[in-house]
Undergrad: 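Structure provided below as structure tokens; questions to follow.
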Amino acid sequence: MYKDYINELVEGGEIPGGVLYVSKKDQVKCLESYGSFTDKSGVKQRICESTLFDIASLTKISATVPSILYLIAKKELKLSTLVRDVLPGFRHNDVTIEHLLTHTSGFSADLPYRERKIERDVLQEIYQKELTYEPGQKMIYSDLGMILLGKITEKVTNQPLDIFVKEQIHEPWGMNHTRFNLSEEAKRQAASTEKYQDSFIQGEVHDEKAYQLGGVSGSAGLFSTIGDMAIYARILLHPESQSVIPSSYLKMAVEHRQFNRGLGFEVWSGIGEAPSCGDKWSIGSFGHTGFTGTSLWADPINQLTAVFLTNAVHYGRETPIRSIRKKLHTLIFEAEN
């Protein structure tokens, strides 16, 4: 059973803990918390259902992608909109919103690593970066395009990304515990991520570039709970159940386009290496992962969803989370089908 597997992972010291949500045909099959973490003060804290997690790159699909879809639906943007038409500092002529969403923009995966406390102008570095291939010709998963999409959202709405997402997306959806830049009180409810210098990072974004961008980024920075991410998973399976974004746009985002990608989402096409849900999940299953250990997957054919929030990087960056995800999701699929 997949619940036993998570207990084994915690007891074996492979992950500190986490919270798992599984639903099948809108019936909750699992909502359980596991393990503990060491907080910023060095005190052990139990993980529970209300624990806030740094969801890392799940920010891309739960903040940035919905924001862009919202603006496309409002006729403020198009998939074909050129990035340089919105961000004058961007100098590449042929890169579109769609290229950024599908990770086919020509960007390499990342900027050179800089320690979190080093000041840098992330946006200017992205503007200055050369493309490594012709836009649309291949797919390289890149934080850089998603950071630009966050900036595009801010430019079009004339609002900070965190405020826009909170007011226009998350609060209308009932995701009231999902936010960037936690309050001091909320920080104490967050699971610590990695140890930095003398203490664990708790309630502040783990991702260096998002930290250097002030905690708000289109690529990372969002904190959430299992309850809020379960709401989002249900919306993705039943987009007609909400009215914030037209259901056709949400459906479009999770349809396979090319290279096992939709608009922001990973989408399993049955070709190539299976994504982190493993190869048992149906073709057309979609989701995403986050560097801290988090993941969200949905199988529309089997009406199966799984959200796993964990702070695997608590034990360092050399974590076996990639193999853990595939085994966990395979066990979930086999148990619930």
Side-chain angles (χ1 to χ4, degrees), residues 50 52-79 81 86-87 97 100-101 122-123 145-187 189-190 203-205 207 209-211 213-254 263-265 288 290 294 296 307 309:
S50 61
L52 284 157
F53 285 86
D54 177 340
I55 64 170
S57 283
L58 290 188
T59 301
K60 294 176 171 74
I61 62 160
S62 49
T64 309
V65 170
S67 296
I68 294 296
L69 294 176
Y70 180 97
L71 294 175
I72 291 172
K74 297 288 186 185
K75 313 279 190 215
E76 299 282 350
L77 290 171
K78 298 178 181 178
L79 287 176
T81 298
V86 186
L87 300 175
I97 299 288
L100 300 184
L101 285 168
V122 172
L123 188 60
M146 287 290 169
I147 291 170
L148 290 179
L149 288 170
K151 293 299 180 183
I152 286 168
T153 300
E154 292 185 333
K155 186 72 180 292
V156 172
T157 63
N158 199 31
Q159 278 188 295
L161 179 65
D162 55 334
I163 302 299
F164 175 78
V165 172
K166 178 185 176 186
E167 292 180 352
Q168 302 301 328
I169 310 291
H170 291 151
E171 285 185 348
W173 277 347
M175 296 171 64
N176 297 315
H177 303 287
T178 302
R179 67 202 72 164
F180 295 92
N181 283 335
L182 299 179
S183 66
E184 289 303 315
E185 181 183 357
K187 284 180 182 180
Q189 300 167 35
E204 291 183 344
V205 62
D207 180 86
K209 295 186 303 299
Y211 182 85
L213 284 162
V216 182
S217 160
S219 179
L222 207 59
F223 288 79
S224 191
T225 62
I226 197 69
D228 278 14
M229 294 308 290
I231 289 171
Y232 187 42
R234 289 195 296 273
I235 285 170
L236 291 171
L237 270 190
H238 305 293
E240 68 285 347
S241 67
Q242 55 79 54
S243 58
V244 174
I245 297 167
S247 60
S248 60
Y249 287 77
L250 284 171
K251 289 175 183 175
M252 174 179 69
V254 300
L263 297 178
F265 288 83
H288 210 283
T294 56
L296 180 156
V307 181
L309 300 186

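Along the sequence shown, residues carry numbers from 1. All of these numbers come straight from a predicted model, not from anything done at the bench.
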Undergrad: Between atom CD of Q168 and atom CD1 of I163, what is the distance when rounded to the nearest 0.5 Å?
TA: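 Atom-to-atom, Q168:CD and I163:CD1 are 11.0 Å apart.
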Undergrad: Can you name the nearest heavy-atom pair linking F265 to A253, along with the distance?
TA: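 Closest approach of F265 to A253: CD1-O, 3.8 Å.
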Undergrad: Think K209 forms a cation-pi with Y211, using NZ or CZ under 6.0 Å from the six-ring centre and within 45 degrees of its axis?
TA: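 Negative - K209 is either too far from the ring of Y211 or too far off its axis.
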Undergrad: Closest heavy-atom contact between I231 and G174?
TA: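 Looks like CD1-O, 3.5 Å.
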Undergrad: Do the side chains of P66 and I245 get nearer than 4.5 Å, heavy atoms only?
TA: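 The answer is yes, as the side chains (C-beta and beyond) meet within the 4.5 Å cut-off.
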Undergrad: I'd like to know if the side chain of Q242 reaches the main chain of P239, judged simply by a donor and an acceptor atom lying under 3.5 Å from each other, with no hydrogens or angles considered.
TA: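 Yes, because the side chain of Q242 sits within donor-acceptor range (under 3.5 Å) of the backbone of P239.
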Undergrad: Looking at CD1 of I226 and OG1 of T294, how far apart are the two atoms once the value is rounded to the nearest 0.5 Å?
TA: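 The distance works out to 10.0 Å.
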Undergrad: Please step through side-chain hydrogen bond (donor to acceptor under 3.5 Å, both in side chains) for the pair K78 and T81, ending with a clear verdict.
TA: CA-CA 5 Å; K78 298 178 181 178; T81 298; over 6 Å; no
Undergrad: Is the closest side-chain heavy-atom distance between L263 and I68 below 4.5 Å?
TA: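 Not in contact.
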Undergrad: Is D54 reaching over with its side chain to a backbone N or O of V205, donor-acceptor style, under 3.5 angstrom?
TA: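 Not at all, since once roles are kept as given, no pair shorter than 3.5 Å links the two residues.
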Undergrad: Any sub-3.5 Å donor-acceptor pair from T225's side-chain atoms to D228's backbone N or O?
TA: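 Checking the backbone N and O of D228 against the side chain of T225, a donor-acceptor pair under 3.5 Å is found.
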Undergrad: Between S219 and T64, is a side-chain contact (heavy atoms from CB on, under 4.5 Å) present by the stated rule, with each step listed?
TA: CA-CA 8 Å; S219 179; T64 309; over 6 Å; no
Undergrad: Any side-chain to backbone donor/acceptor pair from Q159 onto E154? Under 3.5 Å, distance only.
TA: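 Answer holds: no.
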Undergrad: Does any N or O in the side chain of N181 come within less than 3.5 Å of the main-chain N or O of G214, such that one atom is a donor and the other an acceptor?
TA: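 Yes, because the side chain of N181 sits within donor-acceptor range (under 3.5 Å) of the backbone of G214.
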Undergrad: Enter the distance from M252:CE to L79:CG here, rounded to the nearest 0.5 Å.
TA: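 Interatomic distance, M252 CE to L79 CG, rounded to 0.5 Å: 5.0 Å.
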Undergrad: Could you give the distance from CG (L100) to CD1 (I152), rounded to the nearest 0.5 Å?
TA: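 One finds 5.5 Å between CG of L100 and CD1 of I152.
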Undergrad: Given ring-ring contact (aromatic ring centres under 6.0 Å, His included), test F164 with Y70 step by step and report yes or no.
TA: CA-CA 11 Å; F164 175 78; Y70 180 97; 5.5 Å; yes
Undergrad: What verdict does the side-chain contact (heavy atoms from CB on, under 4.5 Å) test give for E171 and N176, after you've listed the backbone C-alpha separation in whole Å, the side-chain angles of each residue and the deciding distance to 0.1 Å?
TA: CA-CA 6 Å; E171 285 185 348; N176 297 315; 4.0 Å; yes
Undergrad: Test side-chain contact (heavy atoms from CB on, under 4.5 Å) on K155 and K151 and set out the steps.
TA: CA-CA 6 Å; K155 186 72 180 292; K151 293 299 180 183; over 6 Å; no
Undergrad: Less than 4.5 Å apart, side chain to side chain, heavy atoms only: is that true for I55 and S62?
TA: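 I55 vs S62: side chains touch.
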Undergrad: Looking at S217 and I147, what are the two nearest heavy atoms and their distance?
TA: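 Between these two residues, the closest heavy atoms are OG-CG1, 3.6 Å.
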Undergrad: Determine whether F53 and F223 make a side-chain contact, defined as any pair of heavy atoms from C-beta on separated by less than 4.5 Å.
TA: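 No, side chains not in contact.
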Undergrad: To the closest 0.5 Å, what do you measure between CE (M229) and NE2 (H177)?
TA: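 Going from CE on M229 over to NE2 on H177, the span is 14.0 Å.
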Undergrad: Compare all side-chain heavy atoms of S57 with those of H288 and state whether any distance is below 4.5 angstrom.
TA: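 S57 vs H288: side chains touch.
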Undergrad: Ignoring hydrogens and angles, tell me if any N or O in the side chain of S224 forms a donor-acceptor pair with the backbone of T178 under 3.5 Å.
TA: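 No: the side chain of S224 does not pair with the backbone of T178.
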Undergrad: Say you draw a straight line from CG of L149 to CG of L101; how long is it, rounded to the nearest 0.5 Å?
TA: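 Answer for the CG-CG pair, L149 versus L101, is 5.0 Å.
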Undergrad: Tell me the closest heavy-atom pair linking G264 and I61, and the distance in Å.
TA: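 So the two residues come closest at O-CG2, 3.7 Å.
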Undergrad: Taking Y232 for the side chain and M175 for the main chain, is one N or O donor matched with an acceptor at less than 3.5 Å?
TA: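 Not confirmed, Y232 side chain does not pair with M175 backbone.
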Undergrad: Determine the minimum heavy-atom distance between G150 and L161, stating which atoms define it.
TA: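 Result for this residue pair: CA-CD2, 4.0 Å.
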Undergrad: State, to 0.1 Å, how close R179 and L222 come at their nearest heavy-atom pair, and which atoms those are.
TA: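 Looking at all heavy atoms of both residues, the closest pair is C-CD1, 3.7 Å.
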Undergrad: Run K187 and L52 through side-chain contact (heavy atoms from CB on, under 4.5 Å) and show every step you take.
TA: CA-CA 8 Å; K187 284 180 182 180; L52 284 157; over 6 Å; no
Undergrad: Just to verify, which of V86, L123, T153 counts as forming a side chain to side chain contact (heavy atoms under 4.5 Å, CB included) with L148?
TA: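 Of the listed options, the one satisfying the test is L123.
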